[in-house]
Chemist: 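Dropping a structure here in structure tokens format, bear with me for questions.
What you see is a predicted model; the values in this text were computed from it and never measured. Letters A, B, ... are given to chains in the order of the sequence lines, protein chains preceding strands, and every chain is numbered from 1.
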Amino acid sequence: MPHWIDELAEKLLQYLESHFDKISEPIILNGGLSVSGLQHVGRLRGEITLNSALRYALEERGYKVKQFLTLYTQDEWKGKKPQIEAFDNPSEARKYIGFRLIDVPDPKGCHKNWVEHFWDDFGGVLDHFAPDVNVITTTQLYKDKLKKYVKIAIQRADHVRKIINKYRKRKPFPENWLPLLPRCEKCGRIGKAKILEVNLDKYTVKYRCECGFEGESSIETGKLNWRIEWSAIWAALGVHFEPYGKDHATPGGSRDSASELSIEIFGRAPPFGTPYEWVGVLNPDRTKKVMGSSDFVGFTPRQWYEVAEPEVLRYIYLTVPIMKQVFLGLHKVPEYTNNFDFGERIYFGEESAEDVEEIKRAYELAVMYNKPQSCPFRLSFSHAALLVQVISEENFLEEAIARLKETGILKKELDLTERKLLETRLNKAKNWVKYYAPDNMRISIISFEESIKIAKDAILLVKDKSKQIKMLVDKFTSIPWALDAIKESMKEITATFDDNKAIKDFFRALYLVFLGKSFGPRMAPLLTLLQREDVIRRIKLLI
RNA sequence: GGGCCGGUAGCUCAGCACGGAAGAGCGGGGGGCUCUUAACCCCUAGGUCGCGGGUUCAAAUCCCGCCCGGCCCGCCA
């Protein structure tokens, strides 16, 4: 069975053939986001990943494609509780209620405004999740491409009204209503003013605002009503495809009405589309919550990018059917990465499974233009997470490679691509350990005081070995403090033990004294990272 | 009132569009690795496939009804 992206591509091409005169190129894909708050990772699902994968599929079929992302920056800032609380001074924040998003100041003062502040954690890393996305704002569109369609909408206001009123039986708009929300120049709020007169030649609107101010402002600073706005954007950008969140998908909902307006008012077939399900957060305590921008629930693409590879997220989104809920938690990055690696091995035929074709395609669409030539060496994420904790900071890539060879996990020389991939993964793992790793995956040396306490138990494991341990201490005092010498010394000691059980107990005792638990990373490399004196005084506790 | 998604092993889920002896990963348990990792390798899950009907030689898979959970829309953008 073909991947759903390919099915979508075929359907889109059919739709374009039957609803547009011919398939005009480039094919325009658009997505839309209102920057009402936290720009979470869920918004990468439909508006970014889906579109970019679709784009890739269409390009494979020989079409030119352009991918847009429209930011709804002209929308009203509603001042929901979490939005207000984003400010240090909530009472002051209330005065921005009704402002356009673009006019609300940055609550933290580090960017030009609210939009730029919250866009940063999404837009700043967007390239890594999908290349060549043309990001535009409605604020900009109202100054250029949208003007023509704003005029049409106003000229055909009565027709617009009749269509929209079909969808709002309870509160129909009155006659002489215009689909325009002007911005008051005095109080700064949008959509609070009654329109008195529109001058399309000057492109201005006279209004009387709720605040009492009567004035005239440029239509550019206001906006169209939502449904007509959506269809106007389609017309202005020439959109052929746009996915939409499930909130728009209800029959008779905003997508349906916008489609009708597109045909009736702008004489243009609406874009093809598909609804998509929202994404939720999965917390380590297993509670779940749907991600929400203005509710500030979720985490951002930047947060993902710090601890995980972007293609891993793309792989998730491309594996799960688009109408199914997905819950994501950053604590599960190792698992997600494993799944991605699995897909990669399937793709390169290193492993077999059922439904191979779909897995292969999901992988291909996840990596797109960054596909390696052949199946690269991959270090499992959880192993990487442990490894980064026991190698030194500087030169960590070389050290990691040496360690991996030593333990037999890496058996060949890495090429440049593989080195790069490994380096990336180690870096992600390092951050992941810092922020999200559960305690039992953290390796940390306990204090000497704790060591003394725990030694009482540890010593029971090696109670008849004090002679050998003394010998070890002697060796440790005299050898050069380096990996090989440490390893040699330990081998010499354990060689005198009677059985495996004794060796195991010996190591358990060591782990207890250093880590406070009876297991841990390979001991010798760990010891090289510690001070000789510290190692010796702790081992002495076992005598 | 309308719409979507889910209910399969302790957990996360795959399998259902083309019905044919209940699956994977993780966790848990056991073992291996001339040296010790939660790396890597091997073994181990006996679960009313939400419930009830129907179709069929055969249903987790198709049809009908119901129950439970999560979510969206009901005229904001």
Chemist: Looking only at side-chain atoms of A:Q325, point me to the closest of B:U37, B:A77, B:C71.
Modeler: B:C71

Chemist: Not counting sequence neighbours, which residues clear side-chain contact (heavy atoms from CB on, under 4.5 Å) with A:D247? List them please.
Modeler: A:W278

Chemist: Over all strands shown, is A:N165 touching base, sugar-phosphate only, or nothing at heavy-atom distances under 4.0 angstrom?
Modeler: nothing

Chemist: Name the closest nucleotide to the A:T250 side chain, picking from B:A77, B:C72, B:U12.
Modeler: B:C72

Chemist: For A:W278, answer base if it contacts any base atom (sugar-phosphate contacts may also be present), sugar-phosphate if it contacts only those atoms, and nothing otherwise; contact means non-hydrogen atoms under 4.0 Å.
Modeler: sugar-phosphate

Chemist: Where the side chain of A:S380 is concerned, which of B:U37, B:C40, B:C72 is the nearest nucleotide?
Modeler: B:C40

Chemist: Could you tell me how far B:G46 sits from B:A9 if I compare only their P atoms? Round to whole Å.
Modeler: 13 Å

Chemist: For the P atoms, the ones on B:C51 and on B:C43, what distance do you get once it is rounded to whole angstrom?
Modeler: 32 Å

Chemist: Consider the side chain of A:P251, meaning its heavy atoms from C-beta on, and name the nucleotide among B:G3, B:C5, B:A39 that approaches it most closely.
Modeler: B:G3

Chemist: Atom CG of A:N338 and atom C1' of B:A24: how far apart are they, to the nearest Å?
Modeler: 13 Å

Chemist: Pick the closest RNA chain B nucleotide for A:F173 and for A:S382 by heavy atoms, then say which residue is nearer the 5' end.
Modeler: A:S382

Chemist: Measure from the side chain of A:K246, starting at C-beta and using heavy atoms only, and say which of B:C71, B:U12, B:A77 lies closest.
Modeler: B:C71

Chemist: Given the C1' atoms of B:A60 and B:C40, what is the spacing between them in whole Å?
Modeler: 35 Å

Chemist: What form does the base of B:A17 take, syn (within 90° of 0) or anti?
Modeler: syn

Chemist: From the options B:U37, B:C5, B:C72, select the nucleotide whose nearest atom is closest to the side chain of A:D247.
Modeler: B:C72

Chemist: Could you tell me how far apart A:Y276 (OH) and B:C72 (P) are, to the nearest whole angstrom?
Modeler: 14 Å

Chemist: From the list B:A77, B:C13, B:G70, which nucleotide is the closest neighbour of the side chain of A:K288?
Modeler: B:C13

Chemist: Can the ring centres of A:W234 and A:F266 be said to be less than 6.0 Å apart?
Modeler: no

Chemist: Taking B:C18 as the reference, what is the distance to B:G10 when you measure between their C1' atoms (whole Å, please)?
Modeler: 34 Å

Chemist: Using the benzene-type ring in the case of Trp, are the ring centres of A:W226 and A:Y72 under 6.0 Å apart?
Modeler: yes

Chemist: Kindly say whether A:E220 contributes a backbone atom to a donor-acceptor pair with the side chain of A:Q74 at under 3.5 angstrom?
Modeler: yes

Chemist: In whole angstrom, what separates A:L181's CG from B:A77's P?
Modeler: 7 Å

Chemist: Considering every strand and a 4.0 Å limit on heavy-atom distances, what is the contact class for A:K324: base, sugar-phosphate, or nothing?
Modeler: sugar-phosphate

Chemist: Look at A:N225 and B:A77 and indicate whether a side-chain polar atom (N or O) is within less than 4.0 Å of OP1 or OP2.
Modeler: yes

Chemist: On a whole-Å scale, what distance lies between the P atoms belonging to B:G70 and B:G32?
Modeler: 47 Å

Chemist: Suppose you measure atom C1' in B:A45 against the same atom in B:C62; what distance do you get, rounded to whole Å?
Modeler: 30 Å

Chemist: Can you find a heavy atom in the side chain of A:K81 that is under 4.5 Å from one in the side chain of A:I84?
Modeler: no

Chemist: In whole Å, I'd like the distance from the CG atom of A:N283 to the C1' atom of B:U12.
Modeler: 15 Å

Chemist: Measuring only the P atom in each nucleotide, how far is B:G65 from B:A77? A whole number of Å is fine.
Modeler: 37 Å

Chemist: Rounded to whole angstroms, how far apart are OH on A:Y244 and C1' on B:C71?
Modeler: 17 Å

Chemist: Please state the P separation for the pair B:A22 and B:G47 - nearest whole angstrom.
Modeler: 14 Å

Chemist: Which string of ( ) [ ] | and . matches RNA chain B, if you list each base 5' to 3' and count Watson-Crick or G-U pairs only when both distances are under 3.5 Å?
Modeler: ((((((((.[[[[.)....(..]]]].(((((.......))))).....[[[[[..)....]]]]])))))))....

Chemist: Just call it for A:K78: base, sugar-phosphate, or nothing, with non-hydrogen atoms closer than 4.0 Å on any strand.
Modeler: base

Chemist: For A:E311, which residues count as a side chain to side chain donor-acceptor pair (under 3.5 Å) partner, sequence neighbours excluded?
Modeler: none

Chemist: Mind calculating the distance between CD1 (A:I190) and P (B:C76) to the nearest angstrom?
Modeler: 16 Å

Chemist: Can you find a heavy atom in the side chain of A:L404 that is under 4.5 Å from one in the side chain of A:F377?
Modeler: yes

Chemist: Quick one: side-chain hydrogen bond (donor to acceptor under 3.5 Å, both in side chains) pairs with a partner in residues 318-346 of chain A, sequence neighbours left out?
Modeler: A:D341-A:R425, A:E344-A:Y363, A:E344-A:R378, A:R345-A:E351

Chemist: Nearest to the A:K223 side chain among B:C5, B:A77, B:U12, which nucleotide is it?
Modeler: B:A77

Chemist: Take the protein atom CG of A:D256 and the nucleotide atom C1' of B:G3, then report the distance between them rounded to whole Å.
Modeler: 11 Å

Chemist: Rounding to a whole Å, what distance do you find between A:L328:CG and B:C13:P?
Modeler: 11 Å

Chemist: Which residues pass the side chain to side chain donor-acceptor pair (under 3.5 Å) test with A:K475, not counting sequence neighbours?
Modeler: A:E492

Chemist: Provide the full list of salt bridge (Lys or Arg N to Asp or Glu O under 4.0 Å) pairs with a residue in residues 254-263 of chain A, sequence neighbours left out, each pair given once.
Modeler: A:K166-A:E260

